[in-house]
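These figures come from a predicted structure and were not determined experimentally.
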Amino acid sequence: MAYFEIHNLSFRYNNVWIFKALSLQGEKGELLTIVGPSGCGKTTLLKILVGILAPEEGRCQIGEDALFNLPIEKRRIGYVPQNQALFPHLSVFDNIAFGLKAQNKDDQEIKQQVQELARLGGLNSLLKRKPHELSGGQQQRTALLRALAPAPRLLLLDEPLSNVDSQLREQLALYIRRLQQLYSITTIFVTHDLNEAKMISDKIVVLSGGQILQIGTPMDVSMNPSTSDVASTIGIKNLFPILSMDKNMDLYIVQIPIGNIQVKLNKNQLGKTYKGVYIDPTQLKLIEMSNKEKFHPNIFTGKVIASIPHPMESRLTLIVDIGKQATSNSAIVDQSDPNWYHSLRILLPLSEKRFKIGMQVMVDIPYESIRLYT
Amino acid sequence: MLQKNTLFKIIYLSLPLGFLLIFFLIPLIHIAFLAFGISLLDITEFTFENLFRVLSHPLNQYFLYWDVQQALLTTIFCVVIGLIGSYILVHYKFLGKTFLRNLFTIPFILPPIVVLIGFIATFGHGSWFNRTWESLTGSILIDIYNTYEGIILAHVFYNIPVIIRLTELGWRSINQDGIAVAKSLGATRLQIFSKIQLPKLLPILTVAALLVFIYAFNSFAIVLVLGGVQYQTLEVRIYSLAKSEFDFSGAAALTLVQVLINLVIIVLYLFLSSKYELPATESAQIAVKPFYRTHMPVKELLGRVLILIYFILVGGITILPITGVILASITSPEGTLTLSNYAKLYDYSIKSYIGLPPSNMILNSLFFGFGVMILATLLALLLNYGLNIDTTVQGLPKISLLKNFMGILVILPLAISSITLAFSLFSLYRTTFIYEQVLGAILIAHTLIAFPFANRVISASRSAIDPSLVSVSQSLGASRLKTFIKIELPLLIPGIIVACLFSFAISIGEFGATSFLAKANFATIPVGIYRLIATRNIGPAASFATILVVITIASFMIIEKLGKLELRL
């Protein structure tokens with residue numbers, strides 16, 4: 001049996017359904033990260049679990065307890081809201097000790113436990129300070145330790161790193177992971193930062209429009225996104241919406257915003273409705289304009305507008321604005337509409353230095369680089 | 001779980017709700033019935049005759065007409081003078097600006113009775129000002145007794161701060177980047193004013209003007225003394241009908257008219273406040289111009305001279321009555337400096353003029369001040385805790401009837417003048433111990449007047465508390481009550497202090513309701529001042545008033561230090 005189980009959860013706010021019959025479960029000691037576009041209900045889900053919002057239907061079981069029948073103070077759920085909500089009038093010590101005091105533990109025990117926790121957070125010398133005298137990272141650690149102190153059954157972290165500057169984020173994310181593993185505390189972590197999610201999660205839950213689209217390990221979800229919505233939610237680039245799809249002999253002509261591409265489908269892929277096309281940036285071929293090679297139908301012309309080096313991966317990302325399909329004379333893309341996806345990313349070895357910004361190039365999209373999503 | 005919370009909610013709300021129902025709403029409804037001839041205390045029957053009699057009385061018609069007229073006139077003067085003042089305060093930089101700004105606020109925080117004695121001391125017949133003017137020109141400059149201009153001058157003096165303070169926020173809320181962008185796009189000054197500044201300024205200016213209107217319309221002490229028989233606001237008219245002519249049903253009918261007019265203004269006020277997001281904090285940084293610099297062009301220099309004249313005139317109107325009070329308190333009738341006026345307050349002989357020794361009045365005032373401070377603040381705390389006891393939000397939209405009803409009930413006493421409050425209490429409870437024990441009746445009346453202000457302060461500081469503090473505290477295992485005590489209460493302390501001081505200052509300066517409910521052998525400082533004025537003991541009255549000035553200004557200085565003085569409802 002799962003450690004916690006959310007079953008058929010429904011919630012609406014001002015007559016708009018945020019969730020309808022949402023179910024989710026997690027194992028003891030797992031760190032689940034919920035990712036999804038803003039407004040998908042990530043924070044709402046946490047607030048329902050804490051008890052700030054009351055669901056219209058559904059139940060959540062932790063062990064023997066039906067969570068929603070308990071008042072907030074009896075749920076034993078650690079919660080770190082987005083703004084941390086440190087008690088501004090209390091010292092770091094009193095903040096961390098707050099939950100222990102609420103359990104009426106004796107002073108000696110509280111002191112010992114707070115100091116032990118503070119040591120883990122590197123806050124030992126700061127226990128007398130008020131929250132406003134701390135740096136962003138210190139505040140974050142205080143909030144985390146405060147939630148951990150009373151040994152909650154479930155720890156809920158709502159975008160805990162959103163107020164921390166980017167350099168510190170990774171450090172703090174790993175700190176959260178270490179602490180979570182040390183106490184083997186079941187945690188639900190909400191974020192919109194995919195790198196964070198991939199770095200620290202046991203499982204990633206992709207939430208969109210109040211529905212769970214996919215649950216899986218970071219590797220699963222990144223490598224095999226189940227739908228184009230999942231792919232776009234987890235931030236996959238070179239993803240294009242399909243505008244139309246026609247059969248032409250044994251090939252399919254797929255219209256996407258940059259033009260028409262020819263796609264080969266195997267038997268398993270037939271008979272489905274596809275919503276998106278992913279073009280693998282590592283398999284694209286770049287041809288200089290002077291090079292008048294064969295005209296394959298999936299060749300497009302465009303202009304290099306950015307070149308981003310990734311030294312750690314020895315790769316280079318070129319971003320090419322597609323102008324027109326090489327076989328056609330007119331530009332397909334309406335470039336005046338900023339919403340059109342008309343640029344293509346191409347991953348090249350770092351040593352590839354031929355393509356300068358502003359250069360006109362041709363891009364060949366081979367069949368094997370194309371992947372269709374429902 | 002929810003049922004337990006509902007039970008607690010009822011318990012916590014019952015006190016403030018009960019207080020307002022028993023001492024405010026039911027007496028007010030009783031007044032409305034009384035206007036139609038129905039009283040709980042006598043055997044009566046429903047009739048329109050009483051209302052018709054009162055409304056068709058030429059004197060009542062005249063006073064109603066005059067009251068509206070003087071309030072309008074006061075508002076127009078205040079808007080014109082105040083708007084210029086706030087513009088200058090926001091846009092120019094000069095030495096002593098903060099001091100001047102505070103000086104401009106002083107009149108409003110002073111109790112009306114103090115303003116009144118200040119006016120009499122400064123512009124009265126025997127005042128230094130008029131005597132000097134008379135020796136120069138042969139006639140006095142202004143006669144404040146029984147004249148229209150005297151009352152208007154006093155009202156304008158009293159209300160300019162409302163316009164200045166509120167429109168100052170308005171000027172500051174105007175986005176300076178927007179003006180810079182407009183200028184860069186080639187907009188003229190007129191276009192900038194009409195398209196950018198005015199739309200931002202207009203809502204708060206209207207709100208401020210409505211407030212001034214309502215304060216002037218319900219003016220009591222100033223008109224009671226300066227107006228004589230010729231000029232009376234409805235407030236004064238109701239007072240004299242009930243207190244001197246014992247025409248309770250007549251007074252009730254006029255009260256009904258006054259309440260209706262006040263309600264219209266308040267509804268308008270609330271409508272505007274909710275429709276437009278009124279600026280509450282001084283957010284924008286305004287590029288301030290230095291008041292003086294070397295090599296100024298003549299046109300600019302002329303502008304500065306006009307500003308200077310404005311400050312001398314308006315500053316004069318503002319400062320003179322206050323210095324007038326203090327000066328009169330240390331001047332003998334012969335014009336020499338003396339402390340005898342203060343000594344007279346300890347002199348038992350003055351009792352023959354005012355019914356009881358001043359030291360008793362001071363004690364009474366302090367009793368009410370501290371009593372109201374505790375009562376009003378406590379009721380406001382209970383109300384705010386009770387209303388926010390539920391921290392779990394149901395997703396479904398639900399019109400909280402209780403919250404709406406409480407909201408209206410809480411703000412309503414603001415729309416009701418102090419004489420109406422006192423009269424409605426009196427009309428319902430005059431045969432009960434509540435009125436027999438005059439201490440109780442006055443304490444209740446003061447609490448009713450102070451409660452909306454205390455509540456406003458408390459609820460504003462409560463809503464400034466991040467709600468996630470409360471939910472985090474509960475998620476850590478603290479009960480709702482414990483969360484209130486450990487988290488909310490400590491964070492509310494500045495608000496509580498401000499609410500206490502506000503309540504104290506309101507009570508200690510309250511004159512209308514107190515004089516209505518007080519009996520001959522009972523008085524507070526403001527009532528004592530009034531009796532001293534009535535018996536032409538201006539010196540001792542001024543020394544009494546000086547004590548009030550010191551207490552009030554000290555209270556408001558602390559309020560300003562702790563937070564922000566809010567002149568709005």
Would you mind checking which part of A/N83 comes under 4.5 Å of any heavy atom in chain B, side chain (CB onward), backbone (N, CA, C, O), both or neither?
side chain

Under 4.5 Å heavy-atom distance to chain B, tell me which part of A/A147 shows up: side chain, backbone, both or neither.
backbone

State whether a side-chain donor-acceptor pair under 3.5 Å links A/Q180 with A/R177.
yes

A/V80, A/L90, A/I52, A/L156: which one forms the most heavy-atom pairs within less than 4.5 Å of chain B?
A/I52

Contacting moiety of A/I77, where chain B heavy atoms sit under 4.5 Å:
backbone

Max heavy-atom pair count under 4.5 Å with chain A, selected residue of B/S471, B/P490, B/S468:
B/S468

Is A/D94 close to A/K101 at the side-chain level, that is, under 4.5 Å between some pair of heavy atoms?
yes

With no hydrogens and no angle check, is any side-chain donor or acceptor of A/R59 less than 3.5 Å from a backbone partner on A/F68?
no

Answer with side chain, backbone, both or neither: which region of A/N104 has an atom nearer than 4.5 Å to a non-hydrogen atom of chain B?
side chain

Side chains of A/L207 and A/L213 in contact at under 4.5 Å (non-hydrogen atoms):
no

Against chain B, label A/L86 side chain, backbone, both or neither, depending on which of its atoms sit under 4.5 Å from a heavy atom there.
backbone

Identify which of B/S479, B/P467, B/A478 forms the greatest number of heavy-atom pairs closer than 4.5 Å to chain A.
B/A478

Under a 4.0 Å threshold between the charged nitrogen and the carboxylate oxygen, would B/K482 count as salt-bridged to A/E73?
no

Which bit of A/K47 comes within less than 4.5 Å of chain B, counting heavy atoms only: side chain, backbone, both or neither?
neither

Kindly compute the distance separating CZ (B/F19) from OG1 (B/T447), expressed to the nearest 0.5 Å.
4.5 Å

So which of A/P152, A/A149, A/P88 has the largest heavy-atom pair count under 4.5 angstrom toward chain B?
A/P88

Check this for me: does any side-chain nitrogen of one of A/K74 and A/D65 sit under 4.0 Å from a carboxylate oxygen of the other?
no

Only one of A/H89, A/Q84, A/R146, A/K130 clears side-chain hydrogen bond (donor to acceptor under 3.5 Å, both in side chains) with A/N95; which?
A/R146

Counting only non-hydrogen atoms closer than 4.5 Å, does B/I487 touch chain A with its backbone (N, CA, C, O), its side chain (CB onward), both, or neither?
both

Please classify the contact between B/S473 and chain A as side chain, backbone, both or neither, with a heavy-atom cut-off of under 4.5 Å.
both

